[in-house]
Amino acid sequence: MDDHQAGTMQPALKMRISTLETLKVFSDPLRQQIIEALLDGPKTVKQVAAELELAATKLYYHVNLLEEHSLIRVTDTRIVSGIIEKHYQSAARAFEIERSLLTPGQDSSDGAIDTAIDAMIEPIRADIHKAFKQGVIDMREDSLPQQRLRMLRSTRALSPEEAAEFYARLEALYVEFNAFREDAADADDMNYGFVVGIYPAAPKPKKT
């Protein structure tokens, strides 16, 4: 006999991470993959493990930590053959780090900055490795531009007005990207990752 207690909650649009402890939990690459796997709907640990091609026993500790810090939540609990089976879902579709954690002069701010950078970079690294492994990224000369990995980096001197305008254009591009449909509509559609990073850089040494 199943004891079924269903939930219909939807992920919040955004969740703010306000403590260093939660940021450290969030930044772990494997936990990032678990959160991403739970973005498209509730799943059991076994279902997430199958998607990540890992043993379920390797995920329970991480899932418990994510739930403890409210980064994921239980949407459905069932008793199947005497064993409790839970469905989990991401608590939010986007996560924002509290600015005070990244403010110089605050306690542990240096560690928080490193943790925040890791939280952004490590999932990207994992996504790119997975895409190469599955043949999704095609770097051959005859491949289409949208099949290739494009990562660019540069530094330039901008006036305050030029910087403000460029920031606004990047933000608009990010908003435009997120306005596209979330799931593939037909067989030709492909998922894309979008990463934007812009920051005031340390000044270059003056030429003598």
Side-chain angles (χ1 to χ4, degrees), residues 11 13-15 17 23-41 43 47-55 58-59 62 66 71-72 89-97 102 111-158 162-202 204:
L13 292 178
K14 186 181 292 185
M15 174 180 173
I17 297 174
L23 179 58
K24 287 179 178 178
V25 171
F26 175 77
S27 67
D28 181 85
L30 178 54
R31 292 172 206 144
Q32 288 269 312
Q33 292 181 62
I34 294 171
I35 291 173
E36 290 181 13
L38 295 173
L39 279 173
D40 57 358
K43 296 171 185 171
Q47 289 171 328
V48 173
E51 186 173 322
L52 300 183
E53 300 179 346
L54 294 170
K58 292 185 177 181
L59 299 188
H62 299 283
L66 289 169
L71 294 166
I72 65 173
Q89 189 169 39
S90 175
R93 296 196 174 278
F95 295 86
E96 182 180 85
I97 299 170
L102 309 178
I113 291 171
D114 288 340
T115 302
I117 293 172
D118 289 343
M120 175 67 73
I121 298 300
E122 289 304 323
I124 296 169
R125 190 197 312 274
D127 281 348
I128 291 172
H129 277 292
K130 185 176 182 180
F132 269 113
K133 182 179 178 181
Q134 294 181 352
V136 176
I137 295 176
D138 188 347
M139 299 299 290
R140 293 176 299 180
E141 291 186 6
D142 60 348
S143 65
L144 297 173
Q146 64 268 29
Q147 294 176 307
R148 302 172 190 167
L149 167 67
R150 292 283 287 159
M151 296 189 75
L152 310 171
R153 183 179 183 275
S154 182
T155 57
R156 285 294 182 271
L158 303 176
E162 290 170 332
E165 179 187 354
F166 197 77
Y167 267 75
R169 287 166 58 193
L170 275 182
E171 181 66 27
L173 190 61
Y174 177 73
V175 171
E176 178 184 346
F177 181 83
N178 280 299
F180 288 109
R181 59 186 172 275
E182 191 169 342
D183 298 315
D186 57 53
D188 291 330
D189 288 352
M190 182 177 293
N191 290 324
Y192 285 86
F194 183 79
V195 182
V196 174
I198 185 168
Y199 53 91
K204 295 180 180 179

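These figures come from a predicted structure and were not determined experimentally.
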Problem - Spacing of CD1 belonging to I97 relative to OG1 belonging to T115, to within rounding of 0.5 Å - result: 8.5 Å
Practice task
Identify the heavy atoms of F95 and I35 that sit nearest to each other, and give their distance.
Solution key: CE1-CG2, 3.8 Å
Problem - Salt bridge present between E162 and R156 (N-O < 4.0 angstrom) - result: no
Exercise for the section: Tell me, with the steps shown, if D189 and R181 meet side-chain contact (heavy atoms from CB on, under 4.5 Å). Expected result: CA-CA 10 Å; D189 288 352; R181 59 186 172 275; 3.0 Å; yes
Exercise for the section: State, to 0.1 Å, how close R148 and D138 come at their nearest heavy-atom pair, and which atoms those are. Expected result: CG-O, 3.3 Å
Practice task
Quick one: pull up CG in D28 and NZ in K24 and give me the separation to the nearest 0.5 Å.
Solution key: 13.0 Å
Exercise for the section: Would you please test V48 and L54 for side-chain contact (heavy atoms from CB on, under 4.5 Å) and show each step? Expected result: CA-CA 8 Å; V48 173; L54 294 170; over 6 Å; no
Handout entry: Within 6.0 Å of CZ in F132, more than 12 heavy atoms from elsewhere
Key = yes
Practice task
State the CG-CG distance between L38 and L66, to the nearest 0.5 angstrom.
Solution key: 8.5 Å
Problem - Evaluation steps, side-chain contact (heavy atoms from CB on, under 4.5 Å), between M190 and Q146 - result: CA-CA 10 Å; M190 182 177 293; Q146 64 268 29; over 6 Å; no
Handout entry: Atom of F194, atom of F177 and distance for their closest heavy-atom approach
Key = CB-CE2, 3.4 Å
Practice task
Answer whether the closest heavy-atom distance between the side chains of E36 and D127 falls below 4.5 Å.
Solution key: yes
Handout entry: Nearest heavy atoms of A55 and A49, plus distance in Å
Key = C-CB, 4.1 Å
Practice task
Starting at CZ of R125, measure out to NE2 of H129 and round the result to the nearest 0.5 Å.
Solution key: 6.5 Å
Fill in the blank from the handout: Rounded to the nearest 0.5 Å, the NZ atom of K43 sits from the CD1 atom of I34 at a distance of 11.5 Å
Exercise for the section: Mind running side-chain contact (heavy atoms from CB on, under 4.5 Å) on N191 and V136 for me, showing each step along the way? Expected result: CA-CA 10 Å; N191 290 324; V136 176; over 6 Å; no
Fill in the blank from the handout: Rounded to the nearest 0.5 angstrom, the CD-CG distance for Q89 and D40 is 9.0 Å
Practice task
State whether the number of non-hydrogen atoms from other residues, nucleotides or ligands found under 6.0 Å of L13 atom CG is greater than 12.
Solution key: no
Problem - Member of R31, Q32, M15 meeting the side chain to side chain contact (heavy atoms under 4.5 Å, CB included) criterion with F26 - result: Q32
